[in-house]
There are 2 protein chains.
Amino acid sequence: MAKVHTIWTVLAVFDPADPASPPDSRFKPLSRDGLVDRVANLLAEAIMAGRILPGARLSESTIARDMGVSRAPVREAARLLESSGLVEYRTNRGFFVQTVSSEALDNLYEFRIVIERAAIARLVAQGAEATLPLLHAQLAELYRVAEAGEDMAQQVEADMQFHRLICRGSGNPRYLTVFDQIANETKLGLILIGRMYDDPHRMAETHEPIIDAIAAGDSDAAVSAIDYHIGTARTLVCQQFRLLEDKTAK
Amino acid sequence: MAKVHTIWTVLAVFDPADPASPPDSRFKPLSRDGLVDRVANLLAEAIMAGRILPGARLSESTIARDMGVSRAPVREAARLLESSGLVEYRTNRGFFVQTVSSEALDNLYEFRIVIERAAIARLVAQGAEATLPLLHAQLAELYRVAEAGEDMAQQVEADMQFHRLICRGSGNPRYLTVFDQIANETKLGLILIGRMYDDPHRMAETHEPIIDAIAAGDSDAAVSAIDYHIGTARTLVCQQFRLLEDKTAK
DNA sequence: CTAATGTCGATTGTCGACAATTTACTTGAC
DNA sequence: GTCAAGTAAATTGTCGACAATCGACATTAG
């Protein structure tokens, strides 16, 4: 898989295994992304950081003026974000930040369970030697973020990266592309809640059984572990979100 | 789920359950789609019909001239198609029809098994009363297409519609959106092969066990049936495609 | 007072033109 | 003849302008 020009690739952190970047190059491969990608990046960042709230209209002219570009790249960037689930487009009405509901979140988590179960089973089946070190590193990052008391967005990002690695290591790139799509929508919901777990350290710990099962090469245990992990998150997140909905309703 | 402005919705046949169309209106709700949607539709049709082959470059200016529009809507339409997997975009180089390989097809089918297994289980679990008649109607359509000796594209379309109904009836809209994405890419491969089964009638028959299991409310049997059905198609299609690859290689 | 209808401001939809980049070709040296 | 560099043609990237459309408010009939 060469370079894929979709927004979730843009959003993803630097991927060291990307064959497009020569490992021994002494120069940073200065961004060859066009304006569209940069605009999309900026927009996505603003949305995920919660600076633009779900349901809000994205005025093309305003954004174009603020960023100092014309409307054409803004429109294309918005279309890009649409396919990543961050933005919704209504004909003759413009782009809107995707709204989230507890029901949509629940559906999202249900679907994540389905694909991550399959991904982790495949990962174990074909050997996880290459992926395991990455998972351990990401687990360390989860702890670091927890201890350092980083903000919500960073915690969510670290967690998502962990699950992303599993999909990436599955060997079937389809798991990764689909995961990246729905991950963005999940993030949107989590940002809105404002917190994921009361105890970030505890949150990091819940990833341990998953790694253990993968390391042991126990496919069934791995599936159970990820099932439990995401299932727990699902319950918690949807519960929190329903609370939020009730509060804003009254 | 109201109206979704993504290409696979545009491509899908008229959806009688769409709440946006008042049933008692005496007027056909003349298409409110913008130029972009129509261009995307035309492009997708040309690609799926095999008039533009995988790997081919989509010249913006040529398309714009042929369709009698400017390049802006063409670009946006292409971006739309990109998210549906039909087209690939390369910076400063333009849009290309997505190439398919036997490996990619195999990954696609593997993924389809994963999500359709989950979708059909959910469908049975929550009651398939509403979906069953639709499935039966679609099965009839499969037979009709087979007997009438319709062309390849129509056979593929009829088959895909059947599976689409299962995802649609699952109750979790996510199954449908993801299915629609990957369905387009699958079609691309099937068109290239030029035939799906030697015996279209036999192909229609293989859907019977799936319906039977759903009608019986037997979740496990339904999962097994869909598993076997797609698994068989996977083997056949990938085998055919590998043959095709070998032929073009030498 | 209610509910249609008309009007206006703002925003999106589309376009043609120009700038930047890539690709194909030509030229030349070895 | 092969490879390299340089140049030209074609194509994409971006822009600003104008047309089409929408939503909100004012208006008017009942």
Side-chain angles (χ1 to χ4, degrees), chain A residues 2-7 10 20 29-43 46 52-53 55-83 86-99, chain B residues 2-7 9-10 20 22 25 27 29-43 52 55-83 86-99:
Chain A
K3 186 136 178 282
V4 187
H5 283 274
T6 41
I7 181 56
V10 176
L30 60 93
S31 171
R32 294 203 55 71
D33 294 341
L35 247 194
V36 173
D37 292 284
R38 276 181 287 170
V39 170
N41 223 341
L42 246 49
L43 260 178
I52 313 179
L53 279 101
R57 227 177 61 91
L58 294 175
S59 166
E60 297 175 10
S61 19
T62 305
I63 293 169
R65 183 161 33 78
D66 289 353
M67 293 192 182
V69 298
S70 83
R71 277 174 48 218
V74 173
R75 281 178 66 91
E76 291 197 27
R79 282 237 130 96
L80 220 54
L81 259 55
E82 188 191 7
S83 67
L86 246 56
V87 156
E88 185 189 0
Y89 173 70
R90 299 203 269 263
T91 316
N92 286 326
R93 220 162 301 175
F95 295 92
F96 297 77
V97 179
Q98 185 70 265
T99 56
Chain B
K3 188 138 177 276
V4 186
H5 284 273
T6 42
I7 181 57
T9 303
V10 175
S25 171
F27 296 104
L30 60 94
S31 169
R32 297 207 54 71
D33 293 342
L35 249 194
V36 173
D37 292 284
R38 277 181 286 170
V39 169
N41 224 341
L42 246 49
L43 261 179
I52 314 177
R57 228 178 60 93
L58 294 175
S59 166
E60 297 175 10
S61 18
T62 305
I63 294 169
R65 183 159 34 76
D66 290 353
M67 294 192 182
V69 298
S70 81
R71 278 174 47 219
V74 174
R75 281 178 66 91
E76 291 197 28
R79 281 239 133 94
L80 221 53
L81 260 55
E82 188 192 7
S83 68
L86 247 56
V87 156
E88 186 190 358
Y89 174 69
R90 299 204 270 263
T91 316
N92 286 328
R93 220 160 298 177
F95 296 92
F96 297 77
V97 179
Q98 185 70 266
T99 58

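Bear in mind the structure is a predicted one, so any value in this text is a computation, not a measurement. In what follows, chains carry the letters A, B, and so on, assigned in the order in which the sequence lines appear, proteins first and then strands, with residues in each chain numbered from 1. Only this structure's heavy atoms are used, side chains among them; waters, hydrogens and symmetry mates stay out.
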Distance, rounded to the nearest Å, where A/L58 contributes CG and C/dT11 contributes C1': 13 Å

Rounded distance in Å - CZ (A/R75) to C1' (C/dC15): 12 Å

Between C/dT14 (P) and B/M67 (CE): distance, integer Å: 13 Å

A/L42 side, atom CG; A/D37 side, atom CG - distance, nearest 0.5 Å: 12.0 Å

Selection from D/dT12, C/dT12, C/dG13 that lies nearest to any side-chain heavy atom of A/Y89: C/dG13

Smallest separation among heavy atoms of B/V87 and B/A78, with atom names: CG1-O, 4.1 Å

For atom CG of B/L35 and atom C1' of D/dA20, their distance in whole Å: 12 Å

A/R93 or A/V36, whichever maps to the more 5' nucleotide of DNA chain D: A/V36

Rounded distance (Å) that lies between atom C1' of D/dG16 and atom CZ of A/R65: 15 Å

A/T91 vs C/dG13: side-chain N/O to OP1/OP2 distance below 4.0 Å: no

C/dT12 phosphate, OP1 or OP2, under 4.0 Å from A/N92 side-chain N/O: no

Spacing of A/F96 atom CZ relative to C/dT12 atom P, expressed in whole Å: 8 Å

Touch class at under 4.0 angstrom, heavy-atom based, for A/R71 against every strand present: base

Any B/S61 side-chain nitrogen or oxygen under 4.0 Å from OP1 or OP2 of D/dA10: no

B/F95 CZ - D/dT12 P separation (whole Å): 9 Å

First encountered from the 5' end of DNA chain D, between B/E60 and A/P73: B/E60

Stepwise side chain to side chain contact (heavy atoms under 4.5 Å, CB included) check, A/R79 with B/V36: CA-CA 11 Å; A/R79 282 237 130 96; B/V36 173; 3.8 Å; yes

Nearest-nucleotide pick for A/S59, side chain only, options being C/dT23, C/dT12, D/dT14: C/dT12

B/E82 versus B/Y89, closest heavy-atom pair with distance: OE2-CB, 3.5 Å

Spacing between A/R38 atom CZ and D/dG13 atom P, to the nearest angstrom: 13 Å

Closest heavy-atom pair and its distance - B/V74, B/V39: CA-CG1, 4.1 Å

